[in-house]
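One structure is given below, encoded as structure tokens.
Start at 1 and go down the list; that is how both ligands and their atoms are numbered.
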Amino acid sequence: MTHEDPIVIEKLTKTYGKFVAVDDLTFSVKKNSFTGMLGPNGAGKSTTLKILSNLTRATSGSVYLDGYDVELHPKNALKNVGTVVETPEFYTYLTPRETFRYIGKILGMSNESIATETDEILEKIKMSEWADKKLGTFSKGMRQRVALGQSLINSPSIIILDEPTSGLDPRGMAEIREILKELRKKESLTILMSSHMLHEVNDLCDRVAMVSRGKLIVNDDLSNVIGTKGTRKIEIKLIDEPNADILEKIKNLSNVTDVEYAGKNDVEIILKGGLGEQAQLLSEIGALNIYVYSFSSSENSLETSYLDLVKESI
Ligand SMILES: Nc1ncnc2c1ncn2[C@@H]1O[C@H](COP(=O)(O)OP(=O)(O)OP(=O)(O)O)[C@@H](O)[C@H]1O
């Protein structure tokens, strides 16, 4: 880790009284990555992002944006950063265009650059036809798109998003995710987004930083977390209902880390490794002389890795 990474979190701790919300957290976010900060409710994600955005202070440790310490040099640190951290309460009597102008002015932008950026952003957030309607009439999803839009007004190189789809209906969620995907395609941007939704991180991100109880569990490429180095969930269906002896035998097979009876004749196996290990498991199960009529590897292996990693960390 170097301070050259656009986002650096170093030995960050935040306590509320005796409660430790962020516990000696250290990790960095690679340039141009889309990193998903994944963790259960209360893991300390929002607290970390608020410290990064200078909305709250660390108890100890430091955070750096573009190499600048956020607490010591907030202006420089946040110069090229856009954030959607606390659900912004916009003035409901303003329109998106007026909102962007207001925020651009606060940021010291010229009228010309605000106007140019505004038109581009309205297109990106698919709000061009709503540009001059008052926010008071908007749905929650539309307001969240405006929130995302305002984070882009100063053409940031880093954006920090705290659960940007939280509280939206499925359509609202899908719209925000589409915008984020488009942003990633077109711009050179470093994005750090917190989420507790595995499928969302799976869908959008190329890096994953998992946190649990204020501590970092893993910070790696998504493909490493879910891929060959990870674990996968295998579901098998047997002709006969498995007894404890059979479950024990399966548990003792190579690379099996856990076995769970899933009701009826179904068994779930957590397997460490990739396709090679999966093939080996299939042949070892065959050798046990139990009659398996279905064998499927779960696609949602981020879930498996996540549950495994969180379990190990407790
Ligand atoms: N101002 C505060 N005073 C006291 N405790 C707080 C405060 N803010 C957060 N906490 C506690 O710190 C812990 C971490 O909270 P945080 O909001 O950072 O978690 P999170 O990972 O973002 O979870 P969520 O998805 O629920 O927002 C929680 O247990 C929370 O109750």
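Every protein residue with a heavy atom nearer than 4.0 Å to ligand 1 is included here: Tyr16, Phe19, Ala21, Pro40, Asn41, Gly42, Ala43, Gly44, Lys45, Ser46, Thr47, Glu163.
Salt-bridge annotation for Glu71 and Arg57: present, with a side-chain N of the basic residue lying under 4.0 Å from a carboxylate O of the acidic one. Using a 4.0 Å cut-off between a side-chain N of Lys or Arg and a carboxylate O of Asp or Glu, Arg184 and Asp206 qualify as a salt bridge. Here Asp203 pairs with Lys181 in a salt bridge; the nearest charged N to carboxylate O distance falls below 4.0 Å.
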Using atom types as modelled, flag every donor-acceptor pair under 3.5 Å from a side chain in residues 119-133 to any protein atom, sequence neighbours excluded.
{"residue": "Asp119", "atom": "OD1", "partner": "Arg97", "partner atom": "NH1", "Å": "3.2"}
{"residue": "Lys124", "atom": "NZ", "partner": "Glu187", "partner atom": "OE2", "Å": "2.9"}
{"residue": "Asp132", "atom": "OD1", "partner": "Arg97", "partner atom": "NE", "Å": "3.0"}

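Under the ring-ring contact (aromatic ring centres under 6.0 Å, His included) criterion, Tyr16 pairs with no residue at all, not counting sequence neighbours. Residues satisfying the side-chain contact (heavy atoms from CB on, under 4.5 Å) criterion with Ile239, sequence neighbours excluded, are Tyr291, Tyr293.
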